[in-house]
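Computed from a prediction, not measured in an experiment: that's the story for all the values here. Throughout, protein chains are lettered first and strands after them, A, B, ... in sequence-line order, and every chain is numbered starting at 1.
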Number of protein chains: 2
Amino acid sequence: MVSIATWNINSVRLRLPIVERLLQEEAPDVLCLQEIKCQEHQFPAQALADLGYVHQAIHGQKGYHGVATVSRIPLKEFSRHDWQDNGEARHVGVELLGPGQGMVIENVYVPAGGDEPDRTINAKFGQKLDFLERMTRWADAVDRPTLIVGDFNIAPLESDVWNHKQLLKVVSHTPIEVDTLQRFKDAHGWTDIGREHIRDPDRYYSWWSYRAKDWKANDRGRRLDHMWASPDLAKQAGRHWLREDARDWDKPSDHIPLFTEFNL
Amino acid sequence: MVSIATWNINSVRLRLPIVERLLQEEAPDVLCLQEIKCQEHQFPAQALADLGYVHQAIHGQKGYHGVATVSRIPLKEFSRHDWQDNGEARHVGVELLGPGQGMVIENVYVPAGGDEPDRTINAKFGQKLDFLERMTRWADAVDRPTLIVGDFNIAPLESDVWNHKQLLKVVSHTPIEVDTLQRFKDAHGWTDIGREHIRDPDRYYSWWSYRAKDWKANDRGRRLDHMWASPDLAKQAGRHWLREDARDWDKPSDHIPLFTEFNL
DNA sequence: GTCCTCACAG
DNA sequence: CTGTGAGGAC
């Protein structure tokens with residue numbers, strides 16, 4: 001049994017206390033973090049090693065973005081893709097070496113895409129779509145048991161957002177993003193593990209904006225974080241769960257952590 | 001008996017907890033704060049009123065400088081001088097109305113003066129000297145029992161600094177500053193209350209730089225904060241003390257608070 | 001070292 | 001609303 005977690009932490013240095021808390025309470029074998037917002041030498045490597053997460057693959061940069069995969073199971077850094085080719089740190093891939101031998105875990109932070117869902121007036125939106133297209137071409141060639149997790153910054157289903165109609169023109173839930181993500185999905189036949197367990201049309205959110213004074217008030221959430229398995233691996237997926245209560249922890253991230261167990 | 005305190009707080013919003021602590025532990029009748037670093041509407045008026053300091057005279061500005069006098073004794077705002085005539089908030093004067101009736105308390109934050117002690121290459125140094133000269137002209141006309149307190153940004157005596165020789169060329173202890181401050185003193189015959197109680201050449205510091213990793217290590221302090229009384233009022237000065245331990249409180253200011261009691 | 005503001009990003 | 005960074009001040 002191997003358990004994997006993913007969490008957009010929105011600054012790992014500032015939120016080390018809640019990362020430690022999560023690791024102590026849930027003890028996943030592997031934790032994939034996005035938006036670590038630090039350079040590799042600034043990553044709290046020792047603190048996480050002290051909790052047993054001695055195997056670490058960190059792809060950081062100054063101030064923004066950045067991903068890290070930390071593990072109690074030996075792993076080997078496998079790849080770092082720069083699908084935008086602009087030097088941003090948005091991906092790290094690892095291969096498990098001990099239990100779960102041979103499984104590949106791709107940790108990705110898809111660009112948010114700015115405010116305006118129109119690439120002619122908002123370059124960031126175009127970059128987001130391009131990022132997904134390049135990821136799609138890459139997925140075509142995936143030939144090993146692979147789990148891709150992270151903040152995709154897209155909520156594909158109606159039940160992935162608190163108000164489908166109202167969000168159709170809001171970046172993260174526009175038809176073009178949903179279609180582009182669907183093409184990525186089809187390119188490899190990924191299984192959306194979250195939605196295997198909490199099935200459409202049940203409510204499933206992983207993110208609530210900081211901007212609302214009370215995130216719970218109208219439950220205006222979106223499912224931006226995902227765990228998708230390649231067809232072979234998907235068959236071995238077991239339990240899947242969330243820690244929604246983490247949105248209420250001290251100095252919370254705006255995202256919550258997701259977990260999946262694999263029978264490996 | 002009326003007790004007065006002065007403290008350069010270096011952001012009153014960030015350090016509200018230690019301001020509250022001081023008021024609870026020492027309960028001065030009046031507290032004069034410098035470097036509140038906020039506008040008047042941002043001042044934590046309610047929190048201090050809740051502790052009984054309902055009478056407040058605030059002269060603030062955005063981001064920098066700013067002074068405030070809060071009191072358990074009724075007071076009337078008396079004056080706001082802009083001795084530099086540049087709009088900076090560096091002074092507020094009040095008159096006590098209840099106990100201590102008629103006493104005037106001038107709360108002042110003298111410009112730091114930059115790094116280079118030469119007005120030809122450092123305009124800030126010239127502004128500091130000019131500020132003091134204008135304050136001197138003003139002092140000439142003081143005709144009521146007055147206490148002037150605050151961060152003068154000058155350590156006049158050899159025993160006011162940890163190393164006289166080494167600081168002779170460091171802004172805050174240069175001869176020209178000391179001379180200029182002396183002329184201010186002479187203009188009204190102010191009594192340096194602090195030095196009436198902790199007499200030269202005894203060590204007396206009120207400020208230790210943040211830049212030293214351990215402020216206590218070599219005790220590299222300076223006496224930048226002062227409480228000076230007009231001749232009539234000086235006769236009624238009683239106890240005078242410091243809270244040097246405040247330099248060790250949680251998230252401390254680099255200055256410590258000073259206290260004087262008056263038999264009024 | 002520790003503040004502040006501002007710009008930028010989410 | 002909540003981060004990071006840069007620049008300025010002390």
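Note on ring orientation: taking the six-membered ring where Trp is involved, the planes of A/His81 and A/Trp83 are parallel (angle under 30°, cut-offs 30° and 60°). A/Phe184 and A/Trp138 have parallel rings, their planes meeting at less than 30° on a 0 to 90° scale where 60° marks the start of perpendicular.
Applying salt bridge (charged side-chain N to carboxylate O under 4.0 Å, His left out) to B/Glu177 and the options B/Arg119, B/Arg222, B/Lys128, B/Arg183 leaves one that passes, B/Lys128. With respect to B/Phe152, the ring-ring contact (aromatic ring centres under 6.0 Å, His included) criterion is satisfied by exactly one of B/Trp190, B/Phe131, B/Trp228: B/Trp228.
Note that the first and last nucleotides of DNA chain D, 5' to 3', having any atom under 4.0 angstrom from a heavy atom of chain A are D/dC1 to D/dA6.
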Determine, step by step, whether A/Leu132 and A/Leu181 satisfy the side-chain contact (heavy atoms from CB on, under 4.5 Å) criterion, reporting the C-alpha distance in whole Å, the side-chain angles of both residues, the deciding distance to 0.1 Å, and the verdict.
CA-CA 7 Å; A/Leu132 291 163; A/Leu181 186 62; 4.1 Å; yes
Under the side chain to side chain donor-acceptor pair (under 3.5 Å) rule, what do B/Ser206 and B/Asp225 come out as? Steps first, then yes or no, please.
CA-CA 6 Å; B/Ser206 68; B/Asp225 301 276; 2.7 Å; yes
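The shortest non-hydrogen separation linking B/Glu88 to B/Arg90 is OE1-NE, 2.7 Å.
Using a 4.0 Å heavy-atom criterion, one finds that B/Lys213 contacts no nucleic acid atom at all.
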Take nucleotides 5-10 of chain C nucleotide by nucleotide from the 5' end and write B, S or -, depending on whether a protein heavy atom sits under 4.0 Å from the base, only from the sugar-phosphate, or from neither.
SS-BSB
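Shown here are the side chain to side chain donor-acceptor pair (under 3.5 Å) partners of B/Gln46, two or more places apart in sequence or in another chain: B/Asp50.
Between C/dC3 and B/Arg15, a contact under 4.0 Å exists linking OP1 or OP2 to a side-chain N or O. At the phosphate of C/dT2, neither OP1 nor OP2 sits under 4.0 Å from any side-chain N or O atom of B/Ser11.
Straight-line distance from the CD1 atom of B/Ile36 to the C1' atom of C/dT2: 18 Å, rounded to whole Å. The distance from atom NZ of B/Lys251 to atom C1' of C/dT2 is 7 Å, rounded to the nearest whole Å. Distance, B/Asp250 CG to C/dG1 P: 18 Å, rounded to whole Å.
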